[in-house]
Protein chains: 2
Amino acid sequence: MSVPPDRRLIFLLNAGQRRVQRWIEGKMAAKGGLTAAQSGVLFFLGDQNGALIGEAADALDLAPSAMTGLIDRMTRAELVERRADPKDGRAMRLYLTDKGRTAREAAKAGLDGINAHLTEGFTDEEIGVVARWLSSLQTKFPKGDS
Amino acid sequence: MSVPPDRRLIFLLNAGQRRVQRWIEGKMAAKGGLTAAQSGVLFFLGDQNGALIGEAADALDLAPSAMTGLIDRMTRAELVERRADPKDGRAMRLYLTDKGRTAREAAKAGLDGINAHLTEGFTDEEIGVVARWLSSLQTKFPKGDS
DNA sequence: GTTTGACATTTCGCACGCGAAACATAGTCT
DNA sequence: AGACTATGTTTCGCGTGCGAAATGTCAAAC
């Protein structure tokens, strides 16, 4: 409330993201200890099993180094497996384990609920505006910044 | 692109927040090494110098334990000072140092630029919708979740 | 006055994410 | 073949944020 108006949007974005993130982790914690970031990997691999680590990082808009740690933790949790690419000695391919596949299914229902919550109380047009605004951030604040 | 539609909004929110955050830190890094979180504290203290740590945490929607670390780093950078409250032996009051005040001024211009960037290409009504949506997250995903 | 409970802050261990630098392998150019 | 560059991944050190448990202090009830 005492936050000056010129920080409003940036503040709301920051706080909102954290709220949703924690809420997801709270929900998921009950259903297997998944975190939001890990669910992202699970969903991506659901479509692209066997993808490179770099491809996953791109798809989730993460730095490769962030993906390394994420995969480490998920490997430890046996949700995912790293296998060397037979063609390219540098590359690592990611595969869902059975446990990962199961977790993915369990998470899907949760995610649907989240999405409903996210759009609740807003018309389709309004959600469209929001989506457009959020997308615009990607181009307005590019990775290799200035 | 390969992200399933039911993850779209949540993904955009997550990625967008990170983009903006990193962009700010890139900008600020040139001008004194401030981070986004630290600027938040600086702005808050600009209005409420001498506030309790808990009050700052509330205002920035952070867990108290997160504020402790943040203040630790800012104290180390001499942006801020902790002084024991004379009336209440438990409480710590936060004060801007001269360096902190200077940094706050330097940051202000940067923040204005960010804000302009954030709203660029959208009408006032559209920004209103976005702000309303972001605000709604606070109530839809409350702290003490379920 | 002591106990009891509320409150402010800190400590701890964890997950997340970044950038820079280090590696290792691949591919290319000569 | 040998040097050079590009690419995929990892390592390192850092900042950020959380929740749970610990600490110290206050305040009210007994």
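For the numbers below, each heavy atom of this structure counts, side chains included, while hydrogens, waters and symmetry mates do not. By convention in this document, chain letters (A, B, ...) are assigned in the order of the sequence lines, proteins followed by strands, and residues within each chain are numbered from 1.
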(request) Please list all pairs passing the ring-ring contact (aromatic ring centres under 6.0 Å, His included) test where one or both residues lie in residues 72-92 of chain A, with sequence neighbours left out. (result) none
(request) Mind checking side-chain hydrogen bond (donor to acceptor under 3.5 Å, both in side chains) for B:Gln17 and listing every partner two or more places apart, or none if nothing turns up? (result)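 Expected list: A:Asn14, B:Gln21.
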(message) Could you work out, with side-chain hydrogen bond (donor to acceptor under 3.5 Å, both in side chains) as the rule, every residue matching A:Arg73, not counting sequence neighbours?
(response)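 Per chain and number, A:Arg73 pairs via side-chain hydrogen bond (donor to acceptor under 3.5 Å, both in side chains) with no residue.
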Apply salt bridge (charged side-chain N to carboxylate O under 4.0 Å, His left out) to [X] and list each qualifying residue two or more places apart in sequence or on a separate chain.
X: B:Asp72; result: B:Arg82
X: A:Arg90; result: A:Asp88
X: A:Arg19; result: B:Asp61

(request) Please list, chain by chain and in numerical order, all residues satisfying side chain to side chain contact (heavy atoms under 4.5 Å, CB included) with A:Ser65, sequence neighbours excluded. (result) A:Ala63
(message) With heavy atoms of chain A within less than 4.0 Å as the criterion, where does contact along DNA chain D begin and end?
(response)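 From 5' to 3', the first and last contacting nucleotides are D:dA6 to D:dC18.
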(message) Angle between ring planes, B:His117 versus B:Trp23, binned at 30° and 60°: parallel, tilted or perpendicular?
(response) parallel
(message) Just to be sure I understand the rule, does B:Asp88 reach a base, reach only the sugar-phosphate, or reach nothing, if contact means heavy atoms closer than 4.0 Å?
(response) sugar-phosphate
(request) Between protein and nucleotides 9-18 of chain C, map the contacts as a letter string: B base, S sugar-phosphate only, - none, heavy atoms under 4.0 Å, written 5' to 3'. (result) SBB---SSSB
